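Here the structure is a predicted model, which is why all the values come from computation and not from measurement. Each chain gets a letter, A, B and so on, in the order the sequences are listed, and its residues count up from 1.
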There are 2 protein chains.
Amino acid sequence: MAEDRPRTRIQEKNRAAILEAALDVFSQSGFRGSTLDQIAKAAGLSKPNVLYYFPSKEAIHQALLAELMDVWLEPLRAFTDEGDPIGAILDYVCRKLHMSRKMPRESRLFANEVLQGAPRYGPQITGMLKDLVDEKAAIIRRWSDAGKIAPLDPYHLIFSIWATTQHYADFDVQVRGILHPKDDAHYDDAETFLTAFYRRALNPANTEG
Amino acid sequence: MAEDRPRTRIQEKNRAAILEAALDVFSQSGFRGSTLDQIAKAAGLSKPNVLYYFPSKEAIHQALLAELMDVWLEPLRAFTDEGDPIGAILDYVCRKLHMSRKMPRESRLFANEVLQGAPRYGPQITGMLKDLVDEKAAIIRRWSDAGKIAPLDPYHLIFSIWATTQHYADFDVQVRGILHPKDDAHYDDAETFLTAFYRRALNPANTEG
DNA sequence: ATTATGTTGGACCAAATGGTTGAATCCCGG
DNA sequence: CCGGGATTCAACCATTTGGTCCAACATAAT
């Protein structure tokens, strides 16, 4: 059940190298589209050596997902009802966008997994994620009930934040194909857009026209 | 180069059955995760028979993508500068959402393709898609320049529409895991949310607070 | 009926792939 | 420097998979 932590320096280094390589490969080709040879090569190890550190391809994927789950959900966990409601939501938007910018592979890893029906981590994701989302949605609902933000469905608001921010990582080639940005420049524009966009939509003084 | 249209009734029927089956399989498992056996079985044919109608797995995928491209881009093509600007944008949002609802497999097919770097259709998508988006973005820019809608980057606005609407198809399991909707019920809520959301964000009389 | 053409799938093949074996090599504590 | 555990990988294995062959079968025109 519980993962034994690596003992030696070598184990630590190689486990890390394998997970790093696997993140590259899995995020680019999905689980079934990735091969142990690709991962081994990317990690600079032989295939049997990779399987010396992990019992199977499946296990590598599992370990990756488990290891990244916490960091992936951190922005949502950090979302609290302290301070300015709109500021808190904008902050969450910016954090999520920042994660897409700095961790696009992780975004695509999860996107691949969910796209294909979350066959490997579905229950866990759905279970703990649902609880977390329920909790944060309740906060948002209180804000809109109190008139501090516009009256919008909190669940769909959260979905919209996930969608708009992760889009820049998951559909990277499409975004780049259309904008032809220099490196990451378009992320700054995205932040400007999303900030203005959510500010307008959430401002309780605004109307639907 | 040009695809010969099927000649006989049998060809038409079997080609259609294969493409339908392939849509099921590819959209669920991605290109590399799908096998000819799965497609053949889903189509009710033998594997050699499938390859009698299409020269390769690659060709099936190609044909699917090509066949669906038009219908997939139809809502964006239908987006014109006639009538009420905000109405036109909301209309586009609703059409896209409707497509996610009624054609989730198609959405996931394209999502899979783009997620993995659009290795098979990248150039075409990017080329014609970019032109189309440039054209529609220009329309939106004119509107915001004229003060008819809020001043927001038109490209990122379009991305946000793609992201928020396709999210319901592409991340279906996650959405369902969190909302536990009866069938498609949550799509109605999504439409309510997105309509109000975009109305508020686009209303030029509104401020960012 | 006969012939030519279109359709079908069982058997097969070569390559790719997840995983195993075992012997060689490295590394560290004593 | 020695011994035993940790590490490494060439060779190998079984299965899967994209694709081919070919003989049988259906169909339609003459």
Side-chain angles (χ1 to χ4, degrees), chain A residues 3-65 109 112-113 116 119-121, chain B residues 3-65 109 112-113 116 119-121:
Chain A
E3 278 291 304
D4 293 9
R5 287 295 89 198
R7 320 259 153 93
T8 73
R9 237 157 287 128
I10 287 181
Q11 277 192 27
E12 194 155 351
K13 180 170 66 76
N14 282 348
R15 259 189 73 103
I18 291 168
L19 289 176
E20 164 68 22
L23 176 56
D24 252 23
V25 176
F26 282 141
S27 70
Q28 220 255 325
S29 309
F31 181 77
R32 293 221 36 201
S34 305
T35 71
L36 281 173
D37 281 310
Q38 287 173 54
I39 295 171
K41 192 176 175 187
L45 300 170
S46 67
K47 185 169 60 169
N49 205 5
V50 168
L51 289 168
Y52 172 73
Y53 291 101
F54 291 90
S56 68
K57 179 182 167 185
E58 188 80 34
I60 300 174
H61 194 260
Q62 207 89 352
L64 242 195
L65 233 37
L109 182 79
N112 260 307
E113 175 70 8
Q116 320 216 333
R120 271 166 265 286
Y121 237 64
Chain B
E3 277 292 304
D4 294 7
R5 288 293 90 199
R7 319 258 152 95
T8 73
R9 236 157 287 127
I10 286 181
Q11 277 192 25
E12 195 155 351
K13 179 169 66 74
N14 281 348
R15 260 189 74 102
I18 291 169
L19 289 176
E20 164 68 21
L23 177 57
D24 252 23
V25 175
F26 282 140
S27 70
Q28 219 255 326
S29 308
F31 181 78
R32 294 223 34 203
S34 305
T35 71
L36 281 173
D37 281 310
Q38 287 172 54
I39 295 171
K41 192 176 175 187
L45 300 170
S46 66
K47 185 168 61 169
N49 206 5
V50 167
L51 289 168
Y52 172 74
Y53 290 101
F54 291 90
S56 67
K57 179 183 168 184
E58 189 80 34
I60 300 174
H61 193 260
Q62 206 90 350
L64 241 196
L65 233 37
L109 182 80
N112 260 307
E113 175 70 6
Q116 320 216 332
R120 270 164 266 286
Y121 237 64

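- Residue B/Y52 has a polar side-chain atom (N or O) positioned under 4.0 Å from OP1 or OP2 of C/dT7.
- Each of B/D37 and A/K13 was matched to the nucleotide of DNA chain D holding its nearest heavy atom; the match closer to the 5' end belongs to A/K13.
- Counting to the nearest Å, the P atom of D/dG18 and the CZ atom of A/R32 are 8 Å from each other.
- OP1 or OP2 of C/dG9 has at least one side-chain nitrogen or oxygen of B/N49 nearer than 4.0 Å.
- One atom, CZ of A/F31, and another, P of D/dT16, lie 15 Å apart when rounded to the nearest Å.
- Phosphate contact (OP1/OP2 of D/dA6, side-chain N/O of A/N14, threshold under 4.0 Å): absent.
- In plain terms, the two heavy atoms of A/K57 and A/F31 that are nearest each other are NZ-O, 3.0 Å.
- If you measure from atom NZ of B/K41 to atom P of C/dG10, you get 14 Å, rounded to the nearest angstrom.
- Of the listed residues (A/L64, A/L51, A/V50), just one forms a side-chain contact (heavy atoms from CB on, under 4.5 Å) with A/I18, and that residue is A/V50.
- Proximity note for B/L51 (side chain, C-beta onward) versus D/dT7, D/dG19, C/dG9: the nearest is D/dG19.
- If you take CZ of A/R15 and P of D/dA6, they are 16 Å apart, rounded to a whole angstrom.
- An OP1 or OP2 oxygen of D/dA6 is reached within less than 4.0 angstrom by no side-chain nitrogen or oxygen of A/Q11.
- Atom pair B/I10:CD1 and C/dG9:P shows a separation of 11 Å (rounding to whole Å applied).
- If A/P48 and A/Q38 are placed on DNA chain C by their nearest nucleotide, the residue sitting closer to the 5' end is A/Q38.
- As judged by a 4.0 angstrom heavy-atom cut-off over every strand, B/L36 is placed among residues touching the sugar-phosphate backbone only.
- Protein atom CZ of B/R9 is 13 Å distant from nucleotide atom C1' of C/dG6, rounded to whole Å.
- Contact check for A/I60 versus A/F26: side-chain heavy atoms found under the 4.5 Å cut-off.
- With rounding to the nearest 0.5 angstrom, the CG atom of B/L19 is 11.5 Å from the NE2 atom of B/H61.
- You won't find any donor-acceptor pair under 3.5 Å spanning the side chain of B/K57 and the base of D/dG19, going by distance alone.
- Under 3.5 Å, the side chain of B/K47 and the base of C/dG9 form no donor-acceptor pair of N or O atoms.
- Remark: P of D/dT7 and CG of A/L45 are 12 Å apart, rounded to the nearest angstrom.
- B/Y53 is listed as a side-chain neighbour of B/I10, based on a closest heavy-atom distance under 4.5 Å.
- Taking atom CZ on A/F26 and atom P on C/dT17, their separation rounds to 13 Å, with Å as the unit.
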